[in-house]
Amino acid sequence: MKHIFQKGTDITAPVLVLFHGTGGTERDLLPLAQAISPTSSVLSVRGNVLENGMPRFFRRLAEGIFDEEDLIFRTKEVYDFLDQAAVEHGFDRNNLVAIGYSNGANIAGSLLFHYPDALRGAILHHPMVPLRGIQLPDLSGIPVFIGAGQNDPICSPQETVELQKLLSEAGSTVAVHWEQAGHQLTRSEVEAAGTWFKTNLV
């Protein structure tokens, strides 16, 4: 997968794995990584699917309706890529924290839904429930931050509450940060994620 790897100044800090939103690139969330953990190494990935020329991490059938078969396939693709990237770049595969926005948050959420050892933690900005009707792995000891908008037209508050419930029932400690905003990523949401990261993952 097309990606950027930037080695951090603290090799013991969690490696941040960045997943952009629809139409983004592997450069979009680099400022986010700098804001949340400036000493961390960063692995920023570009989605392998194109929708009208816009990169995504998996196909969708319509707004808010995922191609579940493709989602499962692409989740494994990302999981395998993380294994390969750890060898290629020499970082600790067991010390990865995902930061995803929108479609990127959904693929990061899907990693949690499918693989107990995929991530050490996750910051999900405006995620949806990636897949329903499946048994989640044991996520005990894996903290998750969810950033959500009370007026998000794409990801409703009910969707956020459902995702929080599913992750919590699987053993994850989930913190939800609400903004009086829509689907956009706000500075205060990023600051809240940074504070949460320092408390839960450093």
Side-chain angles (χ1 to χ4, degrees), residues 1-10 13-51 53-58 60 71 74-75 77-79 81-82 84-86 88-89 91-93 95-112 118-128 130 142-149 152 154-155 160 163 175-177 179 181-198 200-202:
M1 299 182 76
K2 191 170 174 58
H3 66 280
I4 294 170
F5 180 74
Q6 297 177 344
K7 189 165 186 176
T9 55
D10 180 0
V15 177
L16 303 182
V17 186
L18 309 183
F19 298 105
H20 61 76
T22 299
T25 75
E26 64 277 17
R27 299 201 166 273
D28 281 20
L29 299 188
L30 292 175
L32 225 58
Q34 188 65 27
I36 287 168
S37 182
T39 62
S40 284
S41 295
V42 176
L43 178 70
S44 192
V45 190
R46 183 187 294 195
N48 270 351
V49 171
L50 287 179
E51 181 183 279
M54 298 184 297
R56 280 176 57 87
F57 287 97
F58 58 89
R60 60 183 169 183
L71 171 62
R74 298 294 174 183
T75 301
E77 176 181 61
V78 171
Y79 180 82
F81 167 74
L82 295 177
Q84 295 158 13
E88 180 185 344
H89 298 294
F91 59 76
D92 182 356
R93 175 65 183 84
N95 197 19
L96 304 186
V97 174
I99 303 177
Y101 166 65
S102 193
N103 178 245
N106 295 335
I107 196 72
S110 186
L111 282 168
L112 293 171
L119 300 168
R120 190 182 143 202
I123 294 173
L124 308 178
H125 293 290
H126 302 262
M128 296 174 67
I142 300 177
V144 176
F145 173 96
I146 298 176
D152 192 329
I154 295 171
C155 174
T160 301
L163 180 59
V176 179
H177 173 81
E179 290 278 327
H183 198 64
Q184 71 272 30
L185 191 50
T186 61
R187 179 181 293 276
S188 52
E189 185 179 321
V190 173
E191 288 171 353
T195 301
W196 173 89
F197 179 89
K198 290 175 184 68
N200 291 276
L201 286 161
V202 176

Donor on one side chain, acceptor on other, [X] and [Y], under 3.5 Å:
X: R56; Y: T22; value: yes
X: S41; Y: Q6; value: no
X: E189; Y: H126; value: yes
X: S102; Y: H183; value: yes

Treating [X] as the side-chain partner and [Y] as the backbone partner, does any N or O pair qualify as donor plus acceptor under 3.5 Å?
X: R120; Y: L201; result: yes
X: N103; Y: F57; result: yes
X: N95; Y: A13; result: yes

Q) Any chance the rings of H125 and F19 have centres within less than 6.0 Å? A)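 When the ring centroids of H125 and F19 are compared, they turn out to be at least 6.0 Å apart.
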Q.
Among L82, L16, I4, L96, exactly one meets side-chain contact (heavy atoms from CB on, under 4.5 Å) together with L43. Which residue is that?
A.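 The option that passes is L82.
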Q | Geometric cation-pi criterion R93 and F91, 6.0 Å radius, 45° cone | A |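 Output no; distance or angle outside limits.
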Q: Quick one: closest heavy-atom pair of S40 and S37, and the distance?
A: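 Closest pair (atom of S40, atom of S37, distance): OG-OG, 2.6 Å.
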Q) With a cut-off of 6.0 Å (strictly less than), are more than 12 heavy atoms of other residues, nucleotides or ligands near NZ of K198? A)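 Result for NZ/K198: enclosed.
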